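Presented below is the structure to which this report refers.
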Amino acid sequence: MLTFTLLASPLEQFEIVTLMPLTFFGLNISITNSALFMIFSFVIAIFWIGLSFYKNTIVPNNWQLLNEMVYSVTVNMVQDNLGQKGEFYFPFIFTLHLFLLFCNLIGMIPYSFTVTSHITFTFSLALSIFIGINIIGIQTHGFKFFALFLPRGVPLVIVPLLITIEFLSYIVKVFTLSIRLFANMTSGHTLLKIIAGFAWTMLSAGGLLAVFHLIPLGLLLALIGLELAIAGLQAYVFTLLTCIYLNDVLEFH
């Protein structure tokens, strides 16, 4: 008799589950696994910043070196893209970098939840940052800010077409910023679950096939290392693009 092991869908790990149902004047404000791990990631990011100043020595230990490395990466990012004026925005940029980094890394822990694997989260974050950047641009340049959509010396005939193209290309930044992070985290975690399920199926089959489960298992370990690198890289890219977009509205000509 053949027996088949029923494996969960690779997409089940992205399911949002209500942990504490709450309503406020008909508005659903329930605590879900997504909200819980988002708060957890933010608290860890703040806790990390607080520990950065704990027992610092002239000769840094390994913990201090790790803190300084993350800090230096963010400082160089802000200096390279925003220059001297970036000092004012550094606290936000640094917190954003740490928050996304911990959201991605916590999602690598078994039976946890990857907040950044949902387009609702990444799009909401990208949209709020985009709105804030535009508010900064308007406060800095006033109505001259809208000259961003109309370069100088453009013939009057193509002005409507050019404004439309520039506006659409400007708006699409929100989607590219959010989809890049969402797609990378979702695809990576889905692939890990598929490979893990394949290895478990081979092991459960028994016999000679069970020996060869070491092949997908070894591939799984390599992919975990790759996914850890992608988790750090995507947090860096999201923060880097935020700095670039902010610089565009501060230094446009």
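Nothing fancy with the numbering, it's 1 onward along the sequence. The structure presented is a predicted model; accordingly, all values stated were derived computationally and were not measured.
- A distance of 12.5 Å separates CG in L246 from CG in L241, rounded to the nearest 0.5 Å.
- Taken from CZ in F88 to CD1 in I93, the straight-line distance is 12.0 Å, to the nearest 0.5 Å.
- If you look at Y245 and Y170, their ring centroids are not closer than 6.0 Å.
- Counting heavy atoms from C-beta outward, I31 and T18 have side chains that stay 4.5 Å or more apart.
- When each of T239, L181, L101 is tested with Q234 by the rule side chain to side chain contact (heavy atoms under 4.5 Å, CB included), just one qualifies, namely L181.
- In this structure, L105 and A231 approach most closely via the heavy-atom pair CD2-CB, 4.0 Å.
- Two residues are said to be in side-chain contact when any heavy atoms from C-beta on lie closer than 4.5 Å; Q79 and E87 fail this criterion.
- You'll find the ring centres of F102 and F40 outside the 6.0 Å limit.
- In F42, the CZ atom is not crowded: 12 or fewer heavy atoms of neighbouring residues, nucleotides or ligands sit closer than 6.0 Å.
- Both I244 and F90 sit in one connected hydrophobic cluster of ILVMFWY residues. Membership requires side-chain heavy atoms under 4.5 Å apart, directly or through other members.
- Here the straight-line distance linking atom CD1 of I135 with atom CZ of F145 works out to 10.5 Å at 0.5 Å rounding.
- Here the side chains of L220 and L192 are in contact, with some heavy-atom distance below 4.5 Å.
- Here the side chain of N33 pairs a donor or acceptor atom with the backbone of V17 at under 3.5 angstrom.
- Panel note: side chain S112, backbone I109; a donor-acceptor pair is recorded below 3.5 Å.
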Discussion item. Assess the residue pair V115 and M185 against the criterion (side-chain contact (heavy atoms from CB on, under 4.5 Å)); give the C-alpha distance rounded to whole Å, side-chain angles, the decisive distance to 0.1 Å, and a yes or no.
Written reply: CA-CA 9 Å; V115 180; M185 301 311 299; over 6 Å; no
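- There is a path of hydrophobic side-chain contacts, each under 4.5 Å, that joins L233 to I179.
- Tested against H118, the residues F113, F182, F37, F123 include a single ring-ring contact (aromatic ring centres under 6.0 Å, His included) partner, F113.
- Contact of the I230 side chain with the E227 side chain is registered, since non-hydrogen atoms from C-beta on lie closer than 4.5 Å.
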Discussion item. The test is side-chain contact (heavy atoms from CB on, under 4.5 Å); show your working for S178 and L125 and say whether it passes.
Written reply: CA-CA 8 Å; S178 58; L125 181 62; over 6 Å; no
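- Closest approach of L82 to G86, counting heavy atoms only: CB-CA, 3.6 Å.
- Annotation: side chain of I131 is not in contact with side chain of S128 (no heavy-atom distance under 4.5 Å).
- Taking CG of L177 as the start and CZ of R180 as the end, the distance is 7.0 Å to the nearest 0.5 Å.
- A donor-acceptor contact shorter than 3.5 Å is absent between the side chain of N134 and the backbone of I129.
- Residues L240 and F92 fall within the same hydrophobic cluster, defined by Ile, Leu, Val, Met, Phe, Trp and Tyr side chains chained together at heavy-atom separations under 4.5 Å.
- At least one side-chain heavy atom of M108 sits less than 4.5 Å from a side-chain heavy atom of H189.
- Considering CD1 of I133 and CD1 of I138, their distance stands at 12.5 Å, rounded to 0.5 Å.
- For the pair T32 (side chain) and A35 (backbone), a donor-acceptor distance under 3.5 Å is present.
- Of all the heavy atoms in S117 and T186, the pair that sits closest is O-OG1, 2.9 Å.
- Under the 4.5 Å side-chain heavy-atom criterion for grouping Ile, Leu, Val, Met, Phe, Trp and Tyr, F167 is connected to F146 within one hydrophobic cluster.
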Practice prompt. Step by step, work out the side-chain contact (heavy atoms from CB on, under 4.5 Å) result for I195 and L223.
Written response: CA-CA 9 Å; I195 299 299; L223 288 175; 3.9 Å; yes
Practice prompt. Using the side-chain contact (heavy atoms from CB on, under 4.5 Å) rule, take M38 and T116 through it: C-alpha gap first, then chi angles, then the decisive distance, then the call.
Written response: CA-CA 9 Å; M38 181 183 66; T116 49; over 6 Å; no
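- To the nearest 0.5 angstrom, D80 atom CG is 11.0 Å from N247 atom CG.
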Pair up each side-chain donor or acceptor in residues 69-78 with any protein partner under 3.5 Å, not counting sequence neighbours, and list the distances.
residue: S72; atom: OG; partner: E68; partner atom: O; Å: 2.7
residue: T74; atom: OG1; partner: V70; partner atom: O; Å: 3.1
residue: T74; atom: OG1; partner: H97; partner atom: ND1; Å: 3.0
residue: N76; atom: ND2; partner: S72; partner atom: O; Å: 3.1

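- H141 places a side-chain N or O within 3.5 Å of a backbone atom of L250 that can act as its donor or acceptor partner.
- Follow the hydrophobic side-chain contacts under 4.5 Å out from L96 and you never reach I39; the two are in separate clusters.
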